[in-house]
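We name chains A, B, ... by the order of the sequence lines, and we start the count at 1 in each one. Computed from a predicted model, the values in this text were never measured in an experiment.
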Protein chains: 8
Amino acid sequence: MNRQAIRRLFADVRAGKTSPDEAVERLRHLPFEDLGFAKVDHHRTLRAGMPEVVFGAGKTPAQVMSIFKRLAQHGTNVLATRATEEQFSSVQQVVPQAKYESVARAIVLRRDGKRYGKGLITVVSAGTSDIPVAEEAAVTVEVMGSAVKRIYDVGVAGIHRLLAHAPLISKSRVVIVCAGMEGALPSVVGGLVGVPVIAVPTSIGYGAAFQGLAALLGMMNSCASNVSVVNIDNGFGAGYVASLINRL
Amino acid sequence: MNRQAIRRLFADVRAGKTSPDEAVERLRHLPFEDLGFAKVDHHRTLRAGMPEVVFGAGKTPAQVMSIFKRLAQHGTNVLATRATEEQFSSVQQVVPQAKYESVARAIVLRRDGKRYGKGLITVVSAGTSDIPVAEEAAVTVEVMGSAVKRIYDVGVAGIHRLLAHAPLISKSRVVIVCAGMEGALPSVVGGLVGVPVIAVPTSIGYGAAFQGLAALLGMMNSCASNVSVVNIDNGFGAGYVASLINRL
Amino acid sequence: MNRQAIRRLFADVRAGKTSPDEAVERLRHLPFEDLGFAKVDHHRTLRAGMPEVVFGAGKTPAQVMSIFKRLAQHGTNVLATRATEEQFSSVQQVVPQAKYESVARAIVLRRDGKRYGKGLITVVSAGTSDIPVAEEAAVTVEVMGSAVKRIYDVGVAGIHRLLAHAPLISKSRVVIVCAGMEGALPSVVGGLVGVPVIAVPTSIGYGAAFQGLAALLGMMNSCASNVSVVNIDNGFGAGYVASLINRL
Amino acid sequence: MNRQAIRRLFADVRAGKTSPDEAVERLRHLPFEDLGFAKVDHHRTLRAGMPEVVFGAGKTPAQVMSIFKRLAQHGTNVLATRATEEQFSSVQQVVPQAKYESVARAIVLRRDGKRYGKGLITVVSAGTSDIPVAEEAAVTVEVMGSAVKRIYDVGVAGIHRLLAHAPLISKSRVVIVCAGMEGALPSVVGGLVGVPVIAVPTSIGYGAAFQGLAALLGMMNSCASNVSVVNIDNGFGAGYVASLINRL
Amino acid sequence: MNRQAIRRLFADVRAGKTSPDEAVERLRHLPFEDLGFAKVDHHRTLRAGMPEVVFGAGKTPAQVMSIFKRLAQHGTNVLATRATEEQFSSVQQVVPQAKYESVARAIVLRRDGKRYGKGLITVVSAGTSDIPVAEEAAVTVEVMGSAVKRIYDVGVAGIHRLLAHAPLISKSRVVIVCAGMEGALPSVVGGLVGVPVIAVPTSIGYGAAFQGLAALLGMMNSCASNVSVVNIDNGFGAGYVASLINRL
Amino acid sequence: MNRQAIRRLFADVRAGKTSPDEAVERLRHLPFEDLGFAKVDHHRTLRAGMPEVVFGAGKTPAQVMSIFKRLAQHGTNVLATRATEEQFSSVQQVVPQAKYESVARAIVLRRDGKRYGKGLITVVSAGTSDIPVAEEAAVTVEVMGSAVKRIYDVGVAGIHRLLAHAPLISKSRVVIVCAGMEGALPSVVGGLVGVPVIAVPTSIGYGAAFQGLAALLGMMNSCASNVSVVNIDNGFGAGYVASLINRL
Amino acid sequence: MNRQAIRRLFADVRAGKTSPDEAVERLRHLPFEDLGFAKVDHHRTLRAGMPEVVFGAGKTPAQVMSIFKRLAQHGTNVLATRATEEQFSSVQQVVPQAKYESVARAIVLRRDGKRYGKGLITVVSAGTSDIPVAEEAAVTVEVMGSAVKRIYDVGVAGIHRLLAHAPLISKSRVVIVCAGMEGALPSVVGGLVGVPVIAVPTSIGYGAAFQGLAALLGMMNSCASNVSVVNIDNGFGAGYVASLINRL
Amino acid sequence: MNRQAIRRLFADVRAGKTSPDEAVERLRHLPFEDLGFAKVDHHRTLRAGMPEVVFGAGKTPAQVMSIFKRLAQHGTNVLATRATEEQFSSVQQVVPQAKYESVARAIVLRRDGKRYGKGLITVVSAGTSDIPVAEEAAVTVEVMGSAVKRIYDVGVAGIHRLLAHAPLISKSRVVIVCAGMEGALPSVVGGLVGVPVIAVPTSIGYGAAFQGLAALLGMMNSCASNVSVVNIDNGFGAGYVASLINRL
């Protein structure tokens, strides 16, 4: 089902081959299929180079396998986030070319290697514990066809480490910044560059970090005007938004 | 002080006309000037077409006037957000060309009318009470040189009103969505378009709206992957981020 | 003990067969019996077609078995919510006709198949992870004698999927909407129909979802006036309220 | 614009008098009109007896007057909630028949006196301070065409006062319960009746009442299964939902 | 060490047998002994009939055994709260007369059976899941020498069950009320009696119960003036305060 | 209406002079009267020496006057809490003997000077800003017939000031402790005495005091077992509970 | 009353001139005097150079005047924080040498100009709106006898502005950092220096700043190990702690 | 790499042996090395006697081993906090001289036994459950070269126990106070001494302790002016700050 098919449907209506009601009916049934437990949405594939994505957390290996297999039939890249090794083992049985990115906790099926993004996306993280979230962002960016650079462990308490990387960061078209604890890094990075910064609060920290709430509030109140924020630990969302921007 | 001046400074060092220490010293003192109560930062003006901005809330008319006047001397557009009519009266005495956008609560000095943004930015708002925040975003977009369209009062409980505007929204390069109460609109808009959506929770609502917290949490948890979020009522931030994206 | 028995008791008092004090005493001891750890309340069975209900969470299999068996002696339908397979195994030993609804996590004993509800109740859910809560609602509706339709995985970020089902939803007398994350679905559904909508926030999501708090706040602030809300993950409560409305 | 008009439009399409595209275009522009600051939605009037409603808080008297006047032209009842006396004075100039319900803080225009609700709706409130919210609910019920009884100041700490009214409450088809502080009243009322109870937490109380949060949380956790909840102080919402139920 | 000993010490000072400094020194070292990991406080035993108490949660069986044994040497009743069966097994080895109250999760050593309380203390609980907390309160009351009556499973949604017990409750000198979920029971009980009510919020419930926060806030805002509140799940504290009151 | 009247009513039923139904009817209508906006409850006056109480906050002077006058007709002491001078002026016109306690913000009508409490109640406060709350407690205690001592401005950061008063505090039968900020005082006082301590968190403080929340949480977690807590700023509740205890 | 006096008192006891009880009694009455509404504590003045301090917020001009006058009689510096101009006018009438620091909102009486601190204390603030809090800290430092440098408006989004001041900051013995919004500045400063950093969250910001909560949480989670935190807006506390450290 | 090396580098630049760009490049690469998963920062070792520190929580034994080994090569003391026995086993294989402090949950490598602190640091804790946090602070102090005294189990409800230790506490140059539950101990200790107090809220407690939030808020609002606060359970931070102060 693609744009051509939709246009043809409307042409049929105009030509009297199909009644408007039938057209509505066919249109309604086309965009998704019923797998029993989830309606897989193919609409996103209308846009070239957009991957199919499934969120692995809370699903059984069998469910992930079933959904992944179905998505793989559309010929695009496929990405399963928050995926366990156990889920990967199941997927691998039916989609042998799939790979497991263990740090990013992602199952990736790469078939479309085209470069859709125009410039560089840099992923910056504050501490080593933030790396899994940063990697989820980086892998998402790769799957969506943009070049990515990783700059990890450059927290604000050692500002010279971050500044050493300032020239590289300045070359980016979009910057993703992952930080837990006080979540201050996006403000500093935001002040160093003139491009959009996507901030990802992470649940790293303890005590008054309150599972990422401190970092989230900090980033929402960033004094750098070029910062916008996604959900706690949402590396995928940051990668997705950054990729969309980079494709513009 | 501009890029040429900085390059010349480094050339002088290389040529031995200036010692590195002196260069560092001069560089350090250049970017800001001391007005007594605030160090005005001109670094942002290094980037062509970027306006000077001052946040009006909590400042006296005299302070806003003083800062605005100083900023106006750099030849760029100048924007004072969260500004009162009283502050505008003071500004107008020293910068007569300044205009007051009363709904957006902004003082605007437009001198650079160049179009820096490549496409259209649409500002969508859920209710009539969200309009001041939406207007702050829209005015920011205009001052930063992008074309803007406004689509107001299209909350999710009357989904047909939003859908009627879907074709227009789809033509946007970036979409800004302002909503208070349950903050659901960005998710719906996010699902309608394939471009970045900047969500602005507003403090509109009562009771369990908790001054925008409900909307903020809703937007952070958006099931649309192309949504990122700025602070409650931060129309300026949304306009700023959207403009940066549109200039890419 | 039923209404007839109560009327007879008062007649006895009037006739002098029983003193008022004795009547009060008998009345006080009649409505519940002491199982040692819980006073089972039979008052609800005074209303025809109302099931007996036990909340399984936090109870041992032996406790659930004991309570379920007792309730089963009243001849009505019996429902155990938040029940584990282990609890079901115990119940099955003493009430062989009981069935286990694994997705809804419910043990059901159906003996009264009469249709008490006058119209259709539709259960709508946003994502596949919300299905257990939605199923708890749907099973409750069935046990209480109403017709139910399920429309799952129609989250607001893919509004076309929801709209495809709008005609069916419009035929409902009551609609139950289950959603986690930003909890936006009830507002959209509420705008599509002119009947009462019972919203159930679910604990689905991560990060700033805060175990359903984001969805709860979102639903409390719904801009659709026909929405009322029950507790997070309380599918049973939604099914119960919807059934009561449908019996009116 | 009514259902007949919509059917006629589709008939025109079928008959070839109107192209599908024109039909979509006309449909899109029909349901609302642009007043400049708010798109008034007439869709709700498709359902007989439903009033037009405007939320007064945060609007100027001139805005309320303008919207109220427009709504009044549709011939239905009109209700302005959270309205001030000042707003009423403005409205009265253009709609002389409008009345001000000062305790409920509502402007009411009654033209349709038909009884749409089938049974009685009772509004119960815990304390005297909860009465404005309770009255907003009661007035909404009246405007929407249901019979209403008020039982005020029957908080749970004097349970005999509530029980004295139990027979009357039991005759209701729907019960609305307004309570601040600990918000316990809906649970007790819920246990006394077998019909739906709409609970309204109020912002009454001090200290740990946290502007209605304590009451809201209490009601969400009600141990009575027939209780659903609307926003803090949302008497209108409760009256609206109760009226819809009573019209079934 | 008892009051006589302290008086004797001061007499010695006055008589010159002991210097003030020595007296201060002896006094300072007397009240507690160093077990290496905890300073056991015997001051409380100065008051006749007061038990020694140890909080078991988070301590190893060996630690509980060691502390319990030491406390047992003072001849008073000893109570270990939040104790596991495993901790009990260790204690039993060194204090064979100790008993384990499994529902209350308490290890009890009863040696002083004297009745110190003047009247009856009644422990009321809302649901069966609240019973462990209620039992902790009841066992504390018994260990501290007061008569106790238990009235369990009388939640407010079935008010007739509570009222059936009103005469018994009315005979109490102090009432302890344990309730989770909405925590409404103390207000109702408080209205039925003219004596102090000690409210214990429990962590029973799910979703918006937030581990007892909803019940805690509800009880803090009780509209009954004779209610005061202890910590969530703090059955011991309620029993302790009630016992002190009953001993007056 | 008093106990004698109720007994007589039941005797009439037994003697056949009154039918049970009539008796129920009369009983139902007796305990309160309708003032139009509030049902004044006289049941509390069944207990000798208990004052009539009205909460002044949020009521108009006319409402307070009307309620106060009615309550004054029952011959008991009358107390209006959270009352303004303006409310007092109105009350004074109809009840000239009423007095205004300005620090406690209370209107008091003292007619019953009998000493109902058996011992001394001490009111301790941490800072000078806590005094209004402490005075509300002290005045309540006096009106309810107990002797009261005030010990103010003895916060825990100057522990010697508190200890200087330890002998007096130790003579109390009940202690009320009012504290804002960190709310630590009740724990220290609780450790000094062997009697019940009623803790009152106050809204005094700024920043992370969060209007009394910090003090409330502190007191709920008191490591002294003889502490129970009432609502933030609820001096009346503390005085009421302490008086009840002291009357036992 | 000073240390000598206390030693003399104990000598008198030893010499038999004073009984221990009399000594305790005299000691108890010495440290504070009763002004009717507050017990002024002179104990702090035992330490040379420590100022007398009164918190002005919530006190009447007459109360501040009375306390200030009394404190002024001890010959030390006197500081009234959170003081209004109106309070200053009253104070000035009785203590003409007192000065008003309007930005810091402090009344200062300087008589002891001795330098007690050994090194420099630097006060750094993020934005111009944080200056009142920073000034409160700076004035406190001055009154307590330390040298102070102010570096204002150096927020993290313009990191070059902060780094330009790094050499000066590095010369400090203690650094105070005031910041609102995301509160990130203390972490960056903490990483630049090897001395203690006292962080002061301010209530500056809007929306998700939640009156300083975001900044407070950020600072509590600082990734710089040399940071400790005081209450929101508590410039005085920061200045006090920093001064104590600098006097070591 | 040390200060001498940095000075030499600048001399080389001045002498023309190294271009400024090369110098910047070398400087940038010197301070940290890339281990693949973490950039170990050696800058802190520029300050004599400062230990290398690694946070163990969330790292694998192999990661801790790898980082610890690397840090051990710099000749300073090394401290791994929040370390498990399993992590220690791995470390011990490569650094045999490392010791495990089981109560403090710390791996310690002591090579520099020099006393850097000038006075005594006392660590005070409220309850036995707070000891692990207190020990983390104490071990940090020792590793950083200060003398430390431990005073444990002196909670405020037994104030005499704390006062018995007052003379020792008074001899301290800095005091660390660890407390959970209501977190009141720092205020009392703060009032007893004239030196800086570092408060550590612990996550000890249950119910309304909310994992240390109650203690944190209490300490932020301390009425003692010499108290500053670190994160919940952050014994390391407290020890670090106290050591820095003691080295001044």
- Given that the side chain runs from C-beta out, which part of B:V197 has a heavy atom under 4.5 Å from chain A: side chain, backbone, both or neither? neither
- Message: Quick check on B:E101: does its CD atom have over 12 non-hydrogen neighbours (other residues, nucleotides or ligands) under 6.0 Å away?
- Response: yes
- Contacts of A:R150 that satisfy side-chain hydrogen bond (donor to acceptor under 3.5 Å, both in side chains) - sequence neighbours left out: A:E135, A:E142
- Would a 4.5 Å heavy-atom cut-off, applied to side chains only, mark A:V195 and B:L244 as touching? no
- If we only count heavy atoms from C-beta on, is the A:L248 to B:P196 side-chain gap below 4.5 Å? yes
- Residue selection (most heavy-atom pairs with chain B, distance under 4.5 Å) from A:N234, A:V230, A:I245: A:I245
- Note on the structure: The reported gap from CG in A:L217 to CG in B:L216 (rounded to nearest 0.5 angstrom) is 7.5 Å
- Task: Could you list the residues that satisfy side-chain hydrogen bond (donor to acceptor under 3.5 Å, both in side chains) with A:S125, not counting sequence neighbours?
- Result: none
- Query: Which atom pair, heavy atoms only, marks the closest approach of B:S225 to A:Y240?
  - Reply: O-CD2, 3.4 Å
